Amino acid sequence: MRVLIGGGTGFVGRKLTHFLREKGHEVTVISRKPGPGKITWGELESHGLPECEGAVNLAGENLMNPLRWWNESYKKDLFSSRIDTTKALSQAIAASPSPPQSWVLVSGVACYKPSLTAQYTEDSEWTPFDLLSKLVQEWEAAAVLPENVAKTTKQFVIRPGAVLGRDGGAMKQMMLPFWLGLGGTLGSGRQPFPWIHVSDLAGLIAHSLEPPVDTPSTPPQVFNGVAPALNTNYEFTKELGQALRRPTIFPVPGFVMNALMGSERAVVLTQGQKVIPKRTLESGFQYKYPDLRSALKEIVGS
């Protein structure tokens, strides 16, 4: 299978590319810079979609970029980097004489309103309530194919929680303070912490790219890209401390997170949602790391 990946040089993209190539698939990455096995976004727009059986978009400015202040310029980049690349790919698919059999957008769980009690499956209805949920709405809308194309190309949206892995994502910034014994809960610690191991996210994307066994349906099929375990920030903090054999006695109050990151961004860490991967499990997907202990053991190498 030939797979085209937008944003394939990022944390998840590198893992997915490696995963697919190990399975014998041919991967082309869409990147800002040309190179072997790559095309640029400009080439996609000028030359159209290369021949492929699957297309994935992972492109987007890092929400947790510690080098960027939370301001209007950064917010604009968060939107444009996701929506413009998604539109470019969906338009290229729609214009292709031989569109792929599967088209996968990876968005996020920020569409679900934070709650200590509510549980969300892929069938849960939602409406935008803040900046990040508005981003998810516009992002997913940009991926929708015209009805005539959707009859032959199966559309998927995967909504991952915090992506955990050794080489990037949330863990990269957390490891140093935890190693130093300065780790602790964020905010109250009671907030749900939806998460997925990067290997499982790569596996779920590959699972979605498999040739469809039934006729594609017009609306995209949504998979919640989260582990089946329901954990809180407190549980995650304690498990990571145990895996690293370090104390976790330095909680970070919510107001400090808001001051450091901006309240609209800090909400991702200080609040959370109980997200259930109902359809993901029903699809037959097998998790390699279904619980925190196994995931963190692999990541910290203990």
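One is the number of the first residue; the rest follow in order along the sequence. Everything numeric in this text was worked out from a predicted model, so none of it was measured.
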request  = Could you please spell out the steps behind the side chain to side chain contact (heavy atoms under 4.5 Å, CB included) verdict for Val163 and Val12?
outcome  = CA-CA 8 Å; Val163 183; Val12 178; 4.1 Å; yes
message = Could you go through Leu240 and Val300, starting from their C-alpha distance and side-chain angles, then the distance that decides it, and tell me whether this counts as side chain to side chain contact (heavy atoms under 4.5 Å, CB included)?
response = CA-CA 9 Å; Leu240 180 54; Val300 304; 4.2 Å; yes
message = Using salt bridge (Lys or Arg N to Asp or Glu O under 4.0 Å), reason through Asp123 and Arg279 one step at a time and then give a plain yes or no.
response = CA-CA 9 Å; Asp123 296 317; Arg279 188 175 294 131; 2.4 Å; yes
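Follow the hydrophobic side-chain contacts under 4.5 Å out from Leu269 and you never reach Leu296; the two are in separate clusters. Val252 and Leu260 fall within a single hydrophobic cluster, where Ile, Leu, Val, Met, Phe, Trp and Tyr are joined by side-chain heavy atoms under 4.5 Å apart, directly or via other members. Under a hydrophobic-cluster definition in which Ile, Leu, Val, Met, Phe, Trp and Tyr are linked whenever side-chain heavy atoms come within less than 4.5 Å, directly or via other members, Leu58 and Leu78 are assigned to different clusters. Under a hydrophobic-cluster definition in which Ile, Leu, Val, Met, Phe, Trp and Tyr are linked whenever side-chain heavy atoms come within less than 4.5 Å, directly or via other members, Trp139 and Leu145 are assigned to different clusters. Linking ILVMFWY residues whenever their side-chain heavy atoms come closer than 4.5 Å, directly or via other members, leaves Tyr112 and Phe223 in distinct clusters.
The backbone N or O of Leu186 sits less than 3.5 Å from a side-chain atom of Asn233, completing a donor-acceptor pair. Between the side chain of Gln173 and the main chain of Ala170, no donor-acceptor pair closer than 3.5 Å is present. When atom types are taken as modelled, the side chain of Lys87 and the backbone of Ala143 share no donor-acceptor pair closer than 3.5 angstrom. Side chain of Gln155 to main chain of Pro219: no donor-acceptor pair is present (N/O by atom type, distance under 3.5 Å, no hydrogens or angles). When atom types are taken as modelled, the side chain of Ser90 and the backbone of Ala142 share a donor-acceptor pair closer than 3.5 angstrom. With hydrogens and angles ignored, the 3.5 Å screen pairs no side-chain donor or acceptor of Asn224 with any backbone N or O of Val275. In this structure a side-chain-to-backbone donor-acceptor pair under 3.5 Å is missing from Gln137 to Pro128. Looking only at distances, a side-chain donor or acceptor of Thr153 sits under 3.5 Å from a matching main-chain atom of Pro100. A distance-only check finds no donor-acceptor pair linking the side chain of Gln242 to the backbone of Glu239 [under 3.5 Å]. One N or O on the side chain of Tyr120 and one on the backbone of Lys113 form a donor-acceptor pair closer than 3.5 Å.
Under the 4.5 Å side-chain criterion, counting only non-hydrogen atoms from C-beta, Val226 is not in contact with Pro160. Annotation: side chain of Leu4 is not in contact with side chain of Val56 (no heavy-atom distance under 4.5 Å). When side chains are defined from C-beta on, Tyr287 counts as touching Thr280, because their heavy atoms get closer than 4.5 Å. Contact check for Ile205 versus Val106: side-chain heavy atoms found under the 4.5 Å cut-off. Residues Trp70 and Met261 have side chains not in contact (no heavy-atom distance under 4.5 Å, counting atoms from C-beta outward). Contact of the Arg159 side chain with the Val109 side chain is registered, since non-hydrogen atoms from C-beta on lie closer than 4.5 Å. In this structure, Phe129 and Pro114 have side chains that are in contact, with non-hydrogen atoms separated by less than 4.5 Å. Arg265 has its side chain within reach of Leu63: a pair of non-hydrogen atoms, C-beta onward, lies under 4.5 Å apart.
Between Glu72 and Lys76, no side-chain nitrogen of the basic residue sits less than 4.0 Å from a carboxylate oxygen of the acidic one, so the salt-bridge criterion is not met. Salt bridge status for Lys151 with Glu147: absent, with no side-chain N to carboxylate O gap under 4.0 Å. Note on Arg82 versus Glu61: no salt bridge recorded, every NZ/NE/NH1/NH2 to OD/OE distance being 4.0 Å or above. In this structure, Glu53 pairs ionically with Arg2, as a charged nitrogen and a carboxylate oxygen lie closer than 4.0 Å. Between Glu122 and Lys278, no side-chain nitrogen of the basic residue sits less than 4.0 Å from a carboxylate oxygen of the acidic one, so the salt-bridge criterion is not met. Using a 4.0 Å cut-off between a side-chain N of Lys or Arg and a carboxylate O of Asp or Glu, Asp77 and Arg68 qualify as a salt bridge.
Asn57 and Thr85 share a donor-acceptor pair across their side chains, judged by distance under 3.5 Å alone.
Open room surrounds OH on Tyr234; 12 or fewer heavy atoms of other groups in view lie less than 6.0 Å from it. Applying the 6.0 Å contact sphere to CD of Glu26 captures no more than 12 heavy atoms from other residues, nucleotides or ligands. Crowding of Arg293 atom CZ: a count of heavy atoms from other residues, nucleotides or ligands under 6.0 Å not exceeding 12. For Arg21, the CZ atom sits in a packed shell: over 12 heavy atoms of surrounding residues, nucleotides or ligands are nearer than 6.0 Å. Counted within 6.0 Å of NZ on Lys238, heavy atoms from surrounding residues, nucleotides or ligands total more than 12; the atom is thus considered enclosed.
For the residue pair Trp179 and Arg246, the shortest heavy atom distance occurs at O-NE, 2.6 Å. Summarising the geometry of Glu51 relative to Ser98, their closest heavy-atom pair is OE2-OG, 3.0 Å, with the distance given to 0.1 Å. Minimum interatomic distance between His197 and Ile299 (heavy atoms only, all atoms of both residues): NE2-CG1, 3.8 Å. Residues Gly225 and Ile158 approach most closely at CA-CG2, 4.1 Å, considering heavy atoms. Taking each heavy atom of Ala59 and Trp41 in turn, the nearest pair found is CB-CZ2, 3.9 Å. In terms of heavy-atom proximity, Phe156 sits nearest to Ser102 at CE1-OG, 4.3 Å.
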